[in-house]
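Presented below is the structure to which this report refers.
Residue numbering restarts at 1 for every chain, and letters A, B, ... go by the order of the sequence lines.
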Amino acid sequence: MESNVRMRILNQIRDVAGRAVICDRRFLDDEQLIRSEQLELLDTVFNANVRDAEIQELSSHFVGLFRGGHPAHLAIWGKTGTGKTLTIHYFLNLLSEMCREQGITFRHEHLDLSTPQPCFRAFNDLACLLGASRRYRQGISLEELMLRIESALAAYEGYFVLIVDECDHVRRDAETFFAFLIRRLPQSVRAKLILVLVSNKLDWPDHLDPRVKSFLKMNELLFTPYNALDLQHILQIRVNRALEPGVMDEGVVEKISALASREHGDARKAVNLLAKSAYLAEKGAGRITLAVVDQAKEELDRDRFLLMIRTAPAQLQAVMAAAIDAVHKAQHGPVGSAEAYSEYKLVCERASLRPLSPRAFADLLAELDLYSLLRTRVMSRGRYGRTREIFVDLPDELVARIRDTVAANLGISKPTGTTTQ
DNA sequence: TGTCCACAGGAAATACGGGGGT
DNA sequence: ACCCCCGTATTTCCTGTGGACA
């Protein structure tokens, strides 16, 4: 008896092992790699002439450092996933090594503003980074933080490179923050400060106070999205490390990179798609075929939407539910924002939620549009006014699952009768 | 051609909550 | 315990507008 079970399990293991697809799954997920492996991977990537031009630019920008000069600030533009952060990190690590060899005092810090933050949090993060403060939520005055930052740097002489990643995320009073970095800080400390502003908005400095802007002498460096060829290089490196040889069909790498470069040129997402495909293949056919890639892409999209809606604030979920219900009720006719709003009030009642004003409702709709959970379009119906038409054009199955998720999250008892099936 | 609907969407005001300093 | 500072979420108020209709 027992040995039968064991035999069966052993056979299963052998079976799965026989069609193993992945030999080292850590290389499909950067989080799992240890630092030296990451660096080594980067070496390989950069050796493949990817981002060659950009590294050249960086070198010539910072070369003055070795002659005792003071390189200007640097602005780096490029969309997400184009390797801005990675490249600058890689480069600065090299640079700091060279400086150490030559006895030049050099330090670099990375201020990551990857989630939108008010200027207070930006200051706070910076102070933490310098070990000058603990994390505050609120309450302490900005001036206090500035003083702490200054005193943390007071004793330091030498080059100090501060990477401000996603610098456009400083909302509200970005002025204060950058005025401090650009004008006040360099005057109050002896360190030679070099700012590296990273952003994905080209027009970012236009929002800045002209007086601050004129103070900001900087070079610019543009990262263009990876093209399909670069992505192929990057993916191929992962494939070599992570997958068993010969498990991929012809053209899979090409397909993934084409999909990724067409949609966003984001390398991380491309690797993600590769990983998902590999997992699917391992559970199923044992080979990564073009069809598997399609399936993986679909599932990734679906998971993204579901995660997004599940973690969204309650009001946003209610608006989404209302939109779905309204579209459902209207059969195929267009749904105006007014109808959606009254539907929304019903949802709120069922979920015992306080309904927001129409104005706030409209903003939430716009947010959902931004996430492409739905589409809106302003239509003028002449005499009959203007309204925003709402469409939900996701697969039915996904819509149903979103509806269920929201219903569960908001604790709606009666699922409104529209959910037939 | 002008009118005027029924909203869109910007700006300012207000409400609220949480945390530090004293 | 009290006050002040700050951030976020909403509301209130407002101006703008495409095009059917008279």
[X] has a side chain; which of [options] sits nearest to it?
X       : options                   : result
Y384(A) : dA8(B), dA20(C), dT10(C)  : dA20(C)
S337(A) : dT10(C), dA8(B), dG18(C)  : dA8(B)
R386(A) : dG19(C), dT17(C), dT10(C) : dT17(C)
A338(A) : dC7(B), dT10(C), dG9(B)   : dC7(B)
R383(A) : dC4(B), dA8(B), dT17(C)   : dC4(B)

Between [N] ([atom2]) and [X] ([atom1]): distance, integer Å:
X       : N       : atom1 : atom2 : answer
L365(A) : dA8(B)  : CG    : P     : 8 Å
D363(A) : dT11(C) : CG    : P     : 10 Å
E389(A) : dG18(C) : CD    : P     : 16 Å
R377(A) : dG19(C) : CZ    : P     : 12 Å
E367(A) : dA8(B)  : CD    : P     : 16 Å
L364(A) : dT8(C)  : CG    : P     : 16 Å
M379(A) : dC5(B)  : CE    : C1'   : 15 Å
Y341(A) : dT11(C) : OH    : C1'   : 11 Å

Using a cut-off of 6.0 Å, state whether more than 12 heavy atoms not belonging to Y371(A) lie near its atom OH. no
So, is S380(A) close to the dG19(C) phosphate, meaning a side-chain N or O under 4.0 Å from OP1 or OP2? no
Ring-face cation contact, F305(A) with R310(A), 6.0 Å cut, 45° max: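 No, a cation-pi geometry is absent between R310(A) and F305(A).
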Assess the side chains of N227(A) and S261(A): does a donor N or O sit below 3.5 Å from an acceptor N or O?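 No, no side-chain donor-acceptor contact under 3.5 Å.
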Counting the atoms with a prime plus P, OP1 and OP2 as sugar-phosphate, which does R354(A) contact under 4.0 Å by heavy atoms, base, sugar-phosphate, or nothing?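 Answer is sugar-phosphate: R354(A) comes under 4.0 Å of backbone atoms only.
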DNA chain B: G382(A) or R388(A), which has the more 5' nearest nucleotide?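 Mapping each residue to its closest nucleotide by heavy atoms, the 5'-most match is G382(A).
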Can we say D325(A) and R403(A) salt-bridge, meaning some charged N sits less than 4.0 Å from an Asp/Glu carboxylate O?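 Salt bridge present between D325(A) and R403(A).
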Check if the side chain of R359(A) and the base of dT11(C) share a donor-acceptor pair of N or O atoms closer than 3.5 Å. no
If I compare all heavy atoms of L290(A) with all of G251(A), which pair ends up nearest, and what's the gap?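 Taking L290(A) first and G251(A) second, the nearest heavy atoms are CD2-O, 3.8 Å.
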